[in-house]
Amino acid sequence: YTGAGITVAPYSATANGYFSRQGEAPSHFVSAENYARYERVKLLAEQKQATANQIALAWLINQPLSVVPLISSSKPSRIEEAVGALNVRLSPGEIAWLRDGAE
């Protein structure tokens, strides 16, 4: 996909707040697999001194294809937090680990 020249714009890039509400989300996001991802996001957020939302957004913007996450909030602090994801760099190994737990 990286050579296709397509930009992906994921809607609800932070899974309706799944990563900011400590793993709570609408029922369609709730699964053992997603909770395990949430735990990996929390761990990496601690290591990188970032928030879980920033790690989730960084995962999207550090993909090898062009990704523009769509976000919104009624709170300016949440937008500022989201912009901070631009400063979070993830290695290919971290991206894979976040996705499926493989190291």
Side-chain angles (χ1 to χ4, degrees):
Y1 297 105
T2 58
I6 297 171
T7 297
V8 177
Y11 179 78
S12 189
T14 58
N16 286 6
Y18 185 80
F19 297 101
S20 65
R21 291 187 296 212
Q22 301 173 349
E24 296 177 13
S27 61
H28 61 277
F29 287 109
V30 177
S31 70
E33 185 177 9
N34 280 344
Y35 188 76
R37 279 192 185 107
Y38 169 70
E39 290 296 318
R40 291 191 298 272
V41 165
K42 277 192 339 184
L43 181 62
L44 195 56
E46 288 176 22
Q47 292 172 2
K48 294 198 174 269
Q49 298 180 335
T51 67
N53 260 349
Q54 288 172 331
I55 296 297
L57 289 168
W59 185 85
L60 290 169
I61 60 179
N62 281 276
Q63 295 296 312
L65 63 151
S66 178
V67 178
V68 180
L70 301 177
I71 59 165
S72 66
S73 178
S74 60
K75 298 179 181 179
S77 62
R78 291 280 187 205
I79 300 299
E80 291 172 11
E81 174 191 15
V83 171
L86 294 170
N87 297 317
V88 178
R89 298 289 173 243
L90 300 176
S91 70
E94 289 169 329
I95 290 169
W97 180 71
L98 287 169
R99 183 186 58 241
D100 49 33
E103 291 207 29

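Everything quoted here is computed from the prediction, not taken from an experiment.
Minimum heavy-atom separation, R99 to R40: O-NH2, 3.4 Å. When all heavy atoms of P10 and V68 are compared, the pair lying nearest together is CD-O, 3.5 Å. In terms of heavy-atom proximity, L86 sits nearest to R89 at O-NH1, 3.0 Å. Between L90 and L98, the shortest heavy-atom distance links the atoms CD1-CD1, 3.9 Å. Considering every non-hydrogen atom in both A45 and A52, the closest pair reads CB-N, 3.9 Å. Among all heavy-atom pairs drawn from A50 and I55, the shortest one is CB-CD1, 4.1 Å.
Checking side-chain atoms of Q54 against main-chain N and O of E81 turns up a donor-acceptor pair under 3.5 Å.
Contact annotation: the side chain of I71 never approaches that of R78 to less than 4.5 Å [non-hydrogen atoms, C-beta and beyond]. Residues K48 and E94 have side chains in contact (heavy-atom distance under 4.5 Å, counting atoms from C-beta outward). V41 has its side chain out of reach of W59: every pair of non-hydrogen atoms, C-beta onward, lies at least 4.5 Å apart. Residues E80 and V83 form no side-chain contact, since every pair of their non-hydrogen atoms from C-beta on lies 4.5 Å or further apart. In this structure the side chain of L65 never reaches within 4.5 angstrom of the side chain of I6, judged on heavy atoms.
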Using the rule given for salt bridge (Lys or Arg N to Asp or Glu O under 4.0 Å), can you reason through R37 versus E33, listing the C-alpha separation, both sets of side-chain angles and the distance that settles it, and then say yes or no? CA-CA 6 Å; R37 279 192 185 107; E33 185 177 9; 3.1 Å; yes
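Residue I95 holds its CD1 atom at 10.0 Å from CG of L60, rounded to the nearest 0.5 Å.
The local environment of CD in Q49 is sparse, with at most 12 non-hydrogen atoms from other residues, nucleotides or ligands closer than 6.0 Å.
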